[in-house]
4 protein chains.
Amino acid sequence: MPKATFLNLPEEKKNLITEILIKHFATKPYHLVDISDVAKECRVAKGSMYQYFENKKDMYFYAIEVAYERFLQFLEKMDMVYVNILDYYENSLERVWVAMKDLRHEYMLLERAFFSHDSPFKDEINEKFLKKSRDFLIEIIKYNQKQGFIRDDVDPLIIGIYLEGASFYMKKFVVEKALNSTGTTTLELDISYFKDSLSQFMKLLKEGIAKK
Amino acid sequence: MPKATFLNLPEEKKNLITEILIKHFATKPYHLVDISDVAKECRVAKGSMYQYFENKKDMYFYAIEVAYERFLQFLEKMDMVYVNILDYYENSLERVWVAMKDLRHEYMLLERAFFSHDSPFKDEINEKFLKKSRDFLIEIIKYNQKQGFIRDDVDPLIIGIYLEGASFYMKKFVVEKALNSTGTTTLELDISYFKDSLSQFMKLLKEGIAKK
Amino acid sequence: MPKATFLNLPEEKKNLITEILIKHFATKPYHLVDISDVAKECRVAKGSMYQYFENKKDMYFYAIEVAYERFLQFLEKMDMVYVNILDYYENSLERVWVAMKDLRHEYMLLERAFFSHDSPFKDEINEKFLKKSRDFLIEIIKYNQKQGFIRDDVDPLIIGIYLEGASFYMKKFVVEKALNSTGTTTLELDISYFKDSLSQFMKLLKEGIAKK
Amino acid sequence: MPKATFLNLPEEKKNLITEILIKHFATKPYHLVDISDVAKECRVAKGSMYQYFENKKDMYFYAIEVAYERFLQFLEKMDMVYVNILDYYENSLERVWVAMKDLRHEYMLLERAFFSHDSPFKDEINEKFLKKSRDFLIEIIKYNQKQGFIRDDVDPLIIGIYLEGASFYMKKFVVEKALNSTGTTTLELDISYFKDSLSQFMKLLKEGIAKK
DNA sequence: GATGAATGAGCGTTCATTCAT
DNA sequence: AATGAATGAACGCTCATTCAT
């Protein structure tokens with residue numbers, strides 16, 4: 001947790017530091033993030049960073065937390081249980097690339113922290129943020145099967161893997177496209193292109209690739 | 001590229017070093033691989049490693065190269081173009097877990113090097129190993145569409161992403177299960193369990209999750 | 001020397017800061033005393049401590065000075081010259097543990113500052129506080145010899161060392177016992193136990209350990 | 001424990017480093033010993049010190065160990081149990097100042113490590129080196145009482161404190177005299193002066209200071 | 001005068017790489 | 001060619017002190 005010193009900082013400065021922390025932890029693996037660099041970019045002495053935070057890990061967790069909170073508002077994950085999962089994925093994917101305009105680094109950081117094999121403190125992060133993530137998905141799938149939204153002749157676990165994998169790659173594709181098509185300041189995506197891609201992708205999720 | 005000194009080494013020693021390099025780079029992120037440890041495990045002086053290789057990166061690329069070649073022989077990727085892609089995926093997945101018995105570390109290394117966000121020298125690796133990987137898959141998909149093996153009303157690129165993602169996660173799932181269920185020496189998988197999982201997964205690929 | 005700013009402080013606040021300074025310098029070696037901690041415990045800004053004192057060393061010396069003065073009042077060292085030294089030691093020891101109730105930290109600080117090898121600024125402290133301490137003791141011993149209170153066939157210097165050493169260790173023993181047998185708030189010593197120990201100790205001082 | 005790298009060093013270099021480590025840890029408190037300084041004085045890169053030792057603490061314990069072993073040879077502490085304690089102290093003190101010629105820093109280091117209140121790792125050091133030091137002394141005293149060498153009308157614990165204290169101060173006095181009377185290279189003590197002081201001191205131990 | 005954020009020198013430690021033997 | 005000791009840049013972190021408000 002950031003120290004009081006940080007929380008008392010003028011909003012503007014706090015935001016600057018938050019942004020820079022998220023950016024650094026999003027674009028480099030943990031061990032390559034150099035507090036000296038971060039401090040320099042914040043136009044602050046290295047020592048000051050340690051007035052604001054307990055240590056590097058504290059900065060990392062703070063960055064994740066802010067990114068996570070920002071992201072949750074987009075996903076509104078919490079009210080998704082009793083929902084048609086096909087609708088959910090459709091909306092989820094759409095939300096993701098809309099989010100990319102503002103939440104590019106947040107997204108990258110979370111992916112890194114939650115999914116990278118080499119993410120340090122992974123257990124702690126899972127404990128704090130993701131504990132029942134897959135179990136949760138399984139529940140949703142079961143519910144959808146019961147409701148007759150999706151087929152019930154396949155093991156929920158396998159469906160879960162299938163969904164996570166395909167959609168994760170799709171998100172990745174969207175994100176990379178988005179990132180490549182930008183300079184550093186603006187992010188103007190051709191939404192319509194993605195919309196189209198998305199509807200095709202959803203068709204695959206629903207119907208598979210087999211010749212109809 | 002390894003130096004001549006390395007290539008002139010007795011086969012046995014060369015193999016030992018190769019194995020250990022692959023193991024280390026497979027099980028730890030690049031920056032955590034300690035040349036001291038590697039050398040010690042090879043029963044070779046640290047300095048000797050630098051007689052054999054230009055530097056750490058050279059060792060890393062050598063390990064990837066060997067792992068890649070070994071893996072290709074399993075996948076026989078080269079003659080898969082004119083193949084029913086559904087058959088291919090079915091077989092591909094099966095091959096992967098068969099391969100796990102002998103190629104566990106090779107597989108882990110490649111996954112790390114090719115897909116991990118934090119893989120250092122990623123661009124160079126892509127350049128060297130994967131450049132046309134996706135283009136290649138697209139070609140296969142197009143061919144399959146032309147042959148009428150798979151639906152042709154969806155953009156080949158989207159199908160590619162969908163296939164890569166879902167199957168990558170499925171592979172991951174298999175691999176993790178396999179790794180967790182092993183001690184250090186033997187690797188006895190309950191193949192039948194995976195066979196069953198696989199056939200369900202293939203059903204999803206072919207038909208999607210929509211209620212039939 | 002504390003700055004005027006400090007001296008002008010309301011008595012209560014001044015006392016609080018004094019107490020806390022003594023406590024910190026008494027219970028930790030100099031370099032482990034953290035001005036941040038001290039300030040926090042004084043409910044004063046860190047910067048304020050530097051309005052009151054020149055620097056850390058200034059705080060240290062101020063603490064020693066106060067502790068020394070308080071201690072001197074117990075020992076009434078000044079009128080002890082023309083005294084039977086055996087009586088003096090007997091009383092001195094008794095006084096020490098009586099003093100422990102109120103002057104625990106003062107005593108610990110002085111011991112640390114005067115006798116610990118690692119006391120910083122030791123020379124300066126000696127200069128300021130102890131300069132003639134041993135010379136003074138020698139004088140007392142000579143006087144006692146002349147009066148026939150103690151044997152005169154041994155060099156006063158040797159007697160001085162003998163007395164200082166034995167009694168210092170005895171004090172230490174008493175102090176440690178006392179400190180160990182206390183919680184944080186009360187200090188109820190079993191005086192009678194120490195009284196008994198003391199009288200035995202005095203016997204040794206007077207008669208030595210030789211079989212009588 | 002020093003690493004193999006250190007033990008494999010040429011004897012001369014090893015000795016140089018050992019000497020310098022002992023000197024530094026003997027003359028400064030632990031936290032003021034700067035590995036940079038030590039390395040510089042050893043004419044070795046800072047990093048090399050970490051090839052030789054695990055960490056600073058390892059260097060410290062190594063220095064203590066060497067100093068302790070050297071010292072033990074002088075004290076031959078082990079065969080002192082069944083001995084007239086008066087003889088022992090007489091000899092012990094004599095040995096100490098003879099030792100000072102060669103073991104000045106060793107002695108200072110041990111005193112610091114074993115007796116200073118602020119010695120870091122004190123418990124560990126006690127565990128390793130001193131565990132039953134006082135208990136041991138008590139046993140000796142009891143034995144001496146039984147043998148009729150010393151008075152048995154005083155609690156052995158009190159005698160122990162008395163002996164430790166008086167003789168520790170006497171040793172200190174000898175050591176300081178010795179250290180003050182030297183330049184940096186030679187240490188020529190006027191042994192006869194100390195011999196005389198010693199016999200007077202022993203008289204006090206045996207007979208006390210009371211007028212006979 | 002009080003505040004508490006800002007500073008920066010300096011410490012212990014790591015590790016890829018070099019180099020003398 | 002093989003060795004393994006030597007190197008030194010760089011990192012995370014601490015804390016007495018300063019300084020702007």
Side-chain angles (χ1 to χ4, degrees), chain A residues 3-6 8-10 13 31-39 42-59, chain B residues 3-6 8-9 13 30-40 43-59, chain C residues 3-6 8-9 13 30-40 43-59, chain D residues 3-6 8-10 13 31-39 42-59:
Chain A
K3 297 183 184 173
T5 317
F6 178 70
N8 296 338
L9 244 37
K13 190 168 192 177
H31 80 281
L32 285 185
V33 172
D34 182 344
I35 306 301
S36 283
D37 284 354
V38 172
C42 295
R43 293 165 176 283
V44 144
K46 202 183 353 175
S48 295
M49 294 303 295
Y50 287 86
Q51 297 270 40
Y52 304 151
F53 301 93
E54 218 65 69
N55 50 32
K56 188 179 180 179
K57 180 181 163 186
D58 192 22
M59 304 178 202
Chain B
K3 296 183 182 173
T5 323
F6 178 70
N8 294 336
L9 244 36
K13 189 169 190 179
Y30 182 80
H31 78 278
L32 285 184
V33 172
D34 184 338
I35 304 302
S36 278
D37 285 353
V38 172
K40 208 173 290 163
R43 294 164 176 285
V44 146
K46 210 197 313 193
S48 297
M49 293 303 293
Y50 286 84
Q51 301 271 33
Y52 304 151
F53 301 93
E54 218 65 69
N55 50 32
K56 189 179 182 180
K57 180 181 162 186
D58 192 21
M59 303 176 204
Chain C
K3 297 183 184 172
T5 323
F6 178 70
N8 295 336
L9 243 37
K13 189 168 191 181
Y30 181 80
H31 78 279
L32 285 184
V33 172
D34 185 338
I35 305 301
S36 278
D37 285 353
V38 172
K40 207 173 291 163
R43 294 166 177 281
V44 145
K46 210 196 315 191
S48 297
M49 295 302 294
Y50 286 85
Q51 301 270 34
Y52 305 150
F53 300 93
E54 217 65 69
N55 51 30
K56 188 179 181 180
K57 180 180 162 187
D58 191 22
M59 304 176 203
Chain D
K3 296 184 183 172
T5 317
F6 178 70
N8 295 337
L9 244 37
K13 189 168 192 177
H31 80 279
L32 285 185
V33 172
D34 181 344
I35 306 300
S36 282
D37 284 354
V38 172
C42 294
R43 293 165 175 283
V44 145
K46 199 177 4 168
S48 296
M49 294 303 295
Y50 287 85
Q51 299 270 39
Y52 304 150
F53 301 93
E54 218 66 69
N55 49 33
K56 188 178 181 181
K57 179 182 164 185
D58 192 23
M59 303 177 203

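Quick caveat, the model's predicted, so the values are computed rather than measured. In what follows, chains carry the letters A, B, and so on, assigned in the order in which the sequence lines appear, proteins first and then strands, with residues in each chain numbered from 1.
- Atoms NE2 (D/H31) and C1' (F/dA16) sit 13 Å apart, rounded to a whole Å.
- The CD1 atom of B/I35 sits 21 Å away from the P atom of F/dA6 (whole-angstrom rounding).
- For the pair D/K46 NZ and F/dG8 C1', the computed distance is 9 Å after rounding to whole Å.
- The shortest non-hydrogen separation linking B/Q51 to B/K3 is O-CD, 3.1 Å.
- Atom CZ of B/F6 and atom C1' of F/dA1 are 15 Å apart (whole Å).
- Aromatic ring pairs are classed by plane angle as parallel below 30°, tilted from 30° to 60° and perpendicular above 60°; the pair A/F6 and A/F53 is tilted.
- Atom-to-atom, CG of D/N8 to P of F/dG4 comes out at 8 Å; the value is rounded to the nearest Å.
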Determine, stepwise, if the pair C/V44 / C/K13 fulfils side-chain contact (heavy atoms from CB on, under 4.5 Å).
CA-CA 10 Å; C/V44 145; C/K13 189 168 191 181; 3.5 Å; yes

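- Contact between C/K46 and C/A39 at its shortest, heavy atoms only, is CA-CB, 3.7 Å.
- Atom NZ of B/K40 has 12 or fewer neighbouring heavy atoms from other residues, nucleotides or ligands inside a 6.0 Å radius.
- Spacing between atom CG of C/D58 and atom C1' of F/dA16 amounts to 14 Å, rounded to whole angstrom units.
- For B/Y52 (side chain) and B/M59 (main-chain N/O), no donor-acceptor pair under 3.5 Å exists by modelled atom type.
- Atom NZ in D/K56 sits 7.5 Å away from atom CG in D/D34 (nearest 0.5 Å).
- Remark: B/K57 NZ is packed, more than 12 non-hydrogen atoms of other residues, nucleotides or ligands lying under 6.0 Å away.
- For E/dA5, neither phosphate oxygen OP1 nor OP2 lies less than 4.0 angstrom from any side-chain nitrogen or oxygen of A/S48.
- Among the duplex regions that DNA chain F forms, those built from at least three successive Watson-Crick or G-U pairs under 3.5 Å are E:2-21 with F:2-21, ordered by first number.
- Each of B/L32 and A/R43 has a nearest nucleotide on DNA chain E; the 5'-most of these lies closest to A/R43.
- For the pair C/Y30 and D/V44, nearest-nucleotide mapping onto DNA chain F gives the more 5' position to D/V44.
- Between A/L9 atom CG and E/dA6 atom P there is a gap of 5 Å when expressed in whole angstrom units.
- The CE atom of D/M59 sits 12 Å away from the C1' atom of E/dC11 (whole-angstrom rounding).
- Between D/T5 and F/dA5, a side-chain N or O to OP1/OP2 separation shorter than 4.0 Å is present.
- For D/D34, counting side-chain heavy atoms from C-beta on, the closest listed nucleotide (F/dT7, F/dA2, E/dG12) is E/dG12.
- At a non-hydrogen distance threshold of 4.0 Å, B/Y50, B/N55, B/K56 from residues 49-57 of chain B come into contact with DNA chain E.
- Among the atoms of the strands shown, only primed sugar atoms or phosphate atoms (P, OP1, OP2) are found under 4.0 Å from some heavy atom of C/V33.
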